[in-house]
Amino acid sequence: STRNCLRKMSQLPPESLLASPVSEGTNPGVESLDNLSMDSFWLEVENIKQSAEVEQEECSLADVKAQEEGEAEAEWLQDTGLSNLLGDCASEHDNILLLSTLTKTQAAAVQRRLDTYSRSRRRNKHPVRDVRDIFGVVSSEVTATEKKESRPDQLWHNRQTSNVHRKTQDYSCTVRNPGKEEMFNMDVAYSEQAAVLLKGSFLSESRKLKDGNALTKFKIPKGRLGVTRIGDLSAQDMKKIPTLALIELTALCDILGLELKRNKAAKLKTTEKRLFGVPLNTLLENDQKLLPSTKVPLLLQALLSCLEKRGLETEGILRVSGSQTRIKSLEQKLERDFYTGLFRWDEVHQNDVSGLLKRFIRELPAPLLTAEYLPAFAAVQNIPDLKQRLQALNLLILILPEPNRNTLKALLEFLRKVVARENNNKMNLWNVSTVMAPNLFMHKGLPNKIPEGKEKQLAEGAADVVRMMIHYQDLLWTVSSFLVAQVRKLNESNSKRYQFCDKRIKHLLRKIHADKDKVEKKQAEPSKVVKIHASFLLKDSLEVHLNNATRVADVLRQFQKNMCQHGWNIVNTVNLLKCNNSMECTNLLLYEVGGNIGEHCLDPDTYLLDLYHINPHAEWIIKQNPSYPRLF
């Protein structure tokens, strides 16, 4: 039962186990703070247990059945949109479009799931398709790869025995250049990068540091097409990202020898409450009736706003728990008065507000990190290399449903503000992570089966994952360039509408790629004159001469300069532009619209001639920088 599971987790290990490993030269004061924070982890678990005991009668847990052999693979193929590979070719078109964009490692991951599913079926009425029969472009390469790397987990263990098979998992990130900046490549698929490392020599001499300030600093190198953040792509294109990210995450886990397990969501009794214990989607639907633009539940915004105004300087904020009785009473008052505006936030103690915040997260019917992928988030701790941990986390963030991803980002942004006030509130990055980890990784709707003697290891690992999400959140909320390229390929192929059930499918796929190469070579022009629209300000379009050095920022600067100096034929005279000597144009953004993309807000450092060669049929539109709704 949940009560027993929580009680088991709340049993404090011996004091000798609570002490965190210390690097050479660590300040004793920092060590004592970290030891205290591990105490805080288990005290937080104890508080969760007590809360669960109070409301034991209100909870009704559904049995979580173990998946039968092949069932997980069938669900995976369903989630990736490839379930038709299990049957005939009646509906093959969409499968082909997706498969034609995959890398070798991604295609191999699909094939492994098909093979596993095929072996699990004793009576196979419909033969399972071989992905090599469809994905003709890399059929020979995948075959060779399968022969050489049919057991990627075995290869990984052979090379990494000294690193992976440790008696105890150190919660500290494994870093190669502590405190120094390292490049984080997003142009090449992560699984392809891992495959290259697997064939070569892996860095074995690594240092373990737990000081957040000494964590490796990663920088995303900006290619000619710039960097794409979550929110820069249209909703239509973002819907394609989770599928591609799931395939890539599976391929990465295959290379690293990690099993990607997923839970089934356990159903709880429906609640009559309006705030606590209500699904995120329902909360947002209700809140958007009041504020259509909101992307984060209004209650969470209010909780974070209250803590930001009055709690950031409070010593031990988040760690020091408020009264469970008062918190329960406040929850009832919020249910009654929140939407009427009668609730008095100024009368609530900061520690009680932090208790309400953690309670809101725990009481969600499904975990904020989702029931399906909570095991995957927890398994990130088993990856020894920090960069590959972040690669896996980046993909998991992209897989999350949009309401969960937006809510998680709002929470992480607040936690980063708490850490920034460490000198006053005594809550460093590790302290905050250990307190929040139980609230994110323990959920009453899921079984918490913890192997005997693994409590400390799993606790530290969960806290380490939270620490990475707080510290590296800007990097994690980036859409990798290779995923954007795959979205472009999907859109291009979808517009061509080839007849893929033809027996000459391999020839057709090869022809697609051959034609694409010819077009790209033909498009490699040294310069180009294009039209840029700004219909919200101008009647006519603007002609811009592009060369290899023209960036988005250059065009926006020139546009603003002409607006200020020459007085173009303005349609709307609202005061959107602020002209000054520096000619900065922070109020304007350039969007790529149409062609092989839905809508894409461009990085100021994007080189436009390169972008034109990749998407010659797109329109470029200057828009006002939208005023994002305030979360707090």
Side-chain angles (χ1 to χ4, degrees), residues 58 229-236 238-239 268-312 322 326-350 352-370 397 400-417 439-440 445 473 477 536 574 589 599 601 623-632:
E58 299 180 15
R229 310 287 179 184
I230 292 178
D232 288 347
L233 293 177
S234 66
Q236 177 186 0
M238 275 303 297
K239 287 181 180 178
L268 300 177
K269 284 184 178 179
T270 57
T271 177
E272 296 180 357
K273 298 179 180 179
R274 296 191 299 169
L275 295 173
F276 291 83
V278 178
L280 276 179
N281 284 334
T282 304
L283 274 176
L284 285 172
E285 287 175 4
N286 295 334
D287 291 347
Q288 286 168 355
K289 294 175 183 177
L290 303 173
L291 188 63
S293 62
T294 189
K295 296 182 179 180
V296 177
L298 294 178
L299 174 62
L300 180 64
Q301 294 185 42
L303 290 167
L304 297 179
S305 177
C306 183
L307 286 171
E308 184 178 339
K309 291 176 181 177
R310 300 191 293 116
L312 290 180
R326 287 200 309 268
I327 291 173
K328 181 62 179 175
S329 175
L330 288 169
E331 178 187 337
Q332 294 171 351
K333 290 181 181 179
L334 280 167
E335 291 285 353
R336 183 182 66 245
D337 298 335
F338 177 71
Y339 285 114
T340 63
L342 298 177
F343 188 83
R344 298 294 300 273
W345 289 100
D346 55 344
E347 298 177 356
V348 185
H349 193 275
Q350 297 94 315
D352 290 340
V353 179
S354 69
L356 284 168
L357 170 64
K358 293 183 287 187
R359 186 179 182 83
F360 172 79
I361 296 170
R362 293 196 309 269
E363 290 296 308
L364 289 172
L368 183 57
L369 301 179
T370 72
I397 295 297
L400 287 178
E402 184 178 0
N404 297 66
R405 186 168 57 238
N406 292 335
T407 301
L408 178 62
K409 188 64 168 74
L411 176 64
L412 294 177
E413 286 177 349
F414 166 73
L415 296 179
R416 180 162 59 182
K417 293 176 183 178
N439 296 282
L440 288 170
Q473 57 185 279
W477 259 257
F536 77 107
V574 292
L589 297 172
E599 183 175 279
C601 181
K623 297 183 180 182
Q624 181 188 1
N625 191 347
S627 55
Y628 296 101
R630 291 180 61 85
L631 295 179
F632 313 114

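At distances below 3.5 Å, at least one donor-acceptor pair connects side-chain atoms of Asp232 with backbone N or O atoms of Arg229. For Gln350 (side chain) and Arg310 (main-chain N/O), a donor-acceptor pair under 3.5 Å exists by modelled atom type. With hydrogens and angles disregarded, no donor-acceptor distance shorter than 3.5 Å links the side chain of Glu331 to the backbone of Phe276. Of the possible polar contacts, one joining the Asn404 side chain to the Leu368 backbone as a donor-acceptor pair under 3.5 Å is found.
Atoms CG and CG, from Leu440 and Leu364 in turn, are 10.0 Å apart once rounded to the nearest 0.5 Å. How far CG of Leu411 is from CZ of Phe360: 10.0 Å, rounded to the nearest 0.5 Å. Note that OG of Ser305 and NZ of Lys309 are 3.5 Å apart. Values are rounded to the nearest 0.5 Å. Atom CH2 of Trp477 is separated from atom CD1 of Ile397 by 3.5 Å, given to the nearest 0.5 angstrom. In this structure, the separation between NZ on Lys333 and NZ on Lys328 is 14.0 Å, given to the nearest 0.5 Å. Glu413 contributes atom CD, which lies 10.0 Å from atom CD of Glu308 (distance to the nearest 0.5 angstrom).
Residues passing the salt bridge (Lys or Arg N to Asp or Glu O under 4.0 Å) test with Arg416 are Asp474, sequence neighbours excluded. Glu335 pairs by the salt bridge (Lys or Arg N to Asp or Glu O under 4.0 Å) definition with nothing, not counting sequence neighbours. Among residues two or more places apart in sequence or in another chain, the ring pair (Phe, Tyr, Trp, His ring centres under 6.0 Å) test is passed with Phe343 by Trp345. Partners of Asp352 according to the salt bridge (Lys or Arg N to Asp or Glu O under 4.0 Å) rule, which considers only residues two or more places apart in sequence or in another chain, are Arg326. Shown here are the side chain to side chain donor-acceptor pair (under 3.5 Å) partners of Arg362, two or more places apart in sequence or in another chain: Asn439.
Side-chain contact check for Leu284 versus Lys295: every heavy-atom pair is 4.5 Å or farther apart. For the pair Cys306/Leu303, no side-chain contact is recorded, criterion being any heavy-atom separation below 4.5 Å from C-beta on. Under the 4.5 Å side-chain criterion, counting only non-hydrogen atoms from C-beta, Thr370 is in contact with Pro401. Side-chain contact between Leu357 and Leu300: present, with at least one pair of heavy atoms (C-beta onward) separated by less than 4.5 Å. You'll find the side chain of Phe414 reaches within 4.5 Å of the side chain of Leu312, heavy atoms only.
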Inset, instruction - Begin with the C-alpha distance, continue with both residues' side-chain angles, and end with the deciding distance and a verdict on salt bridge (charged side-chain N to carboxylate O under 4.0 Å, His left out) for Glu402 and Lys239. - result: CA-CA 9 Å; Glu402 184 178 0; Lys239 287 181 180 178; over 6 Å; no
Inset, instruction - Under the side chain to side chain contact (heavy atoms under 4.5 Å, CB included) rule, what do Leu283 and Leu299 come out as? Steps first, then yes or no, please. - result: CA-CA 9 Å; Leu283 274 176; Leu299 174 62; 5.9 Å; no
Legend entry - Pair Glu363-Lys358, side chain to side chain contact (heavy atoms under 4.5 Å, CB included): steps then yes or no: CA-CA 9 Å; Glu363 290 296 308; Lys358 293 183 287 187; over 6 Å; no
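Residue Leu304 comes nearest to Ala410 through the heavy atom pair CD1-O, 3.7 Å, listed as atom of the first residue, atom of the second, then distance.
Counted by atom type alone, Gln301 and Thr294 present one or more donor-acceptor pairs between their side chains at under 3.5 Å.
Sorted by first and then second residue, the salt bridge (charged side-chain N to carboxylate O under 4.0 Å, His left out) pairs with a member in residues 336-348 read Arg344-Asp346, Arg344-Glu347; sequence neighbours excluded.
Residue Gln288 places its CD atom among more than 12 non-hydrogen atoms of other residues, nucleotides or ligands, all under 6.0 Å distant.
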